[in-house]
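Taking it in order: structure first as structure tokens, then the write-up.
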Amino acid sequence: MSTKTAAAVAQVAAPPVGWEEARSRAYAIGLAAALPAVELPLADADGHTLAEPLTTRTDLPAFPTSSVDGWAVRGDGPWQVVGRVLAGHTPPPLTADGTTAEIATGAMVPAGTTAILRVEESTRTGDGRVAGTPRPVPEWRQPGEEAYAGEELLPAGTPVDPALIGLAASCGHDTLRVRRRPRAALLVFGDELLTSGPPGAGRVRDALGPAVPAWLRRYGCQVRPADVVGPVADTLSAHVAALRGALADADLICTTGGTMHGPVDHLHPALAALGADYVVNTVAVRPGFPMLLARLVDGDGRVRFVAGLPGNPQSAVVALVSLVAPLLAGLAGRPMPVLPEATLAAPIPGRGDYTHLALVRLDRVAGTAHPLRHVGSAMLRGLAGADGFAVIRPGTSGAMGDGVPVVPLPLLAGERAW
């Protein structure tokens, strides 16, 4: 027996990794291979991740700006009108007491201003002067009120969303340095799969080929139609060739099916033939335990990953949220995803020594998680109405009223689950 084959056999015989340990391993290996940084225009940065802290190039605001429409006054009134200040202009100073300049919201406050009188709280005297009583609190924003020049506003690893883009623009940035998005591919294994029409005559419809790329895009990956290949023939040579082809461009290759050791399960031998190292090989979780994550390193040091998803559809999604989500967080340089907690609205049984990921619908107002029906490994009906998976730890059961972690299903880029 060759050394490589012996190592592969030892990996197959190893006991399943605990679910939390598997998540930690996937994140750590991704972070160690974090993708390079690129400079993008603000308009193209949505959905990426900051590769360096966001700092402001100037004080925010950069100059004193009026918070209201009104009158910039100097000294006591009534005041003689000496000018008008609009946003986008640098006004002359007020040099004499008893003078005022009309001012618009957002306009630069003239030097010498002692107060701003709101237009709705002002009157005009018979000789055209402005009268009224300014409020005691200044009606303008001071330079640096929001941030001082050079101050860190958000750390590296922050997801870029429209709010962050607006903030970056407000403090003078035209581009952002962000992590390149991972390129992903999907290989669908299984001669029994149909790619169109209804199932029948012993063949089932491929549900993962259309669905997995959409999940991956929600995790921030680039997936082109040409990156989805299959069904791949149930031979070792076809599996090796498909993996080689995908590895040429992709940072992450997901596969569906073939993670066990049946007569037509060729993923493990194909990974051995390509010299892959297992990060995780089976996880103590139900459903979805025969998932895996492997790493391949080129001679030039380039790192790629293969995530083996089980063939049953719900199990495949469990593998996505368990291994792929933390891996991609690491590749993007983001923090390890923190799981929110919800209160169980009904009991959920445990799965012995395995972690149980149970589909739930969340009531975000009440903070409760409601278990769903139709949750078998091969079923998608429950998944279609779910917000995520409640985590029932090994050796426990979830009682009504228990607080449990919840693994959210991925949303569109930039959306927030809670």
Looking at [atom1] of [X] and [atom2] of [Y], how far apart are the two atoms once the value is rounded to the nearest 0.5 Å?
X      : Y      : atom1 : atom2 : result
Leu208 : Leu309 : CG    : CG    : 7.5 Å
Leu328 : Thr49  : CG    : OG1   : 10.0 Å
Arg217 : Gln222 : CZ    : CD    : 10.5 Å
Phe389 : Leu383 : CZ    : CG    : 5.5 Å
Ser322 : Leu293 : OG    : CG    : 11.5 Å
Asp234 : Asp265 : CG    : CG    : 8.0 Å

* Which residue pairs satisfy the salt bridge (Lys or Arg N to Asp or Glu O under 4.0 Å) criterion with at least one member in residues 309-323, sequence neighbours excluded? -> none

With no hydrogens and no angle check, is any side-chain donor or acceptor of [X] less than 3.5 Å from a backbone partner on [Y]?
X      : Y      : value
Ser122 : Val119 : yes
Asp59  : Tyr148 : no
Arg179 : Leu35  : yes
His48  : Ala45  : yes
Ser315 : Phe289 : no
His370 : Asp363 : no
Asp298 : Asp300 : no
Thr105 : Asp69  : yes
Arg286 : Arg351 : no
His173 : Thr55  : yes

* CZ of Arg302: more than 12 outside heavy atoms within 6.0 angstrom? -> yes

* If you count the non-hydrogen atoms of other residues, nucleotides and ligands that lie under 6.0 Å from CG in Asp44, is the total more than 12? -> yes

Does the side chain of [X] reach to within under 4.5 Å of the side chain of [Y], using non-hydrogen atoms?
X      : Y      : answer
Val279 : Leu327 : no
Pro162 : Asp46  : yes
Leu154 : Leu167 : yes
Arg74  : Pro93  : no
Val212 : Val188 : no
Leu409 : Val317 : yes
Pro408 : Pro340 : yes
Val109 : Phe63  : no

For residues 136-144, tabulate all N or O donor-acceptor pairs below 3.5 Å that involve a side-chain atom, not counting sequence neighbours.
residue	atom	partner	partner atom	Å
Glu139	OE1	Arg118	NH2	3.4
Glu139	OE2	Arg118	NE	2.7

* Asked: Between Tyr278 and His268, what is the ring plane arrangement, given parallel below 30°, perpendicular above 60°, and tilted in between?
  -> tilted

* Option passing side chain to side chain contact (heavy atoms under 4.5 Å, CB included) with Val404 (candidates Leu344, Leu339, Val391, Thr343) -> Leu344

* Structure fact -> In Val306, Val303, Leu271, the residue satisfying side chain to side chain contact (heavy atoms under 4.5 Å, CB included) with Arg295 is Val303

* **CA sep, side-chain torsions, deciding dist, call: Val407, Arg23, side-chain contact (heavy atoms from CB on, under 4.5 Å)** => CA-CA 11 Å; Val407 186; Arg23 290 183 76 236; 5.7 Å; no

Smallest separation among heavy atoms of [X] and [Y], with atom names:
X      : Y      : result
Pro110 : Thr113 : O-OG1, 2.8 Å
Leu117 : Pro134 : CD1-N, 3.8 Å
Ala346 : Met400 : N-CG, 4.0 Å
Leu176 : Ala168 : CD2-CB, 4.0 Å
Ala345 : Thr368 : CB-CB, 4.4 Å
Gly209 : Val228 : O-CG1, 4.0 Å

Identify all side-chain donor-acceptor contacts of residues 243-260 below 3.5 Å with residues at least two apart in sequence or on another chain.
residue	atom	partner	partner atom	Å
Asp251	OD1	Arg180	NH2	3.2
Asp251	OD2	Arg180	NH1	3.0
Asp251	OD2	Arg183	N	2.8
Thr259	OG1	Pro290	O	2.7

* Carefully, step by step, assess Leu267 and Leu292 under the rule side-chain contact (heavy atoms from CB on, under 4.5 Å). => CA-CA 10 Å; Leu267 179 57; Leu292 66 86; 3.8 Å; yes

* Asked: How about Trp71 and Thr100: does a side-chain donor come under 3.5 Å of a side-chain acceptor?
  -> no

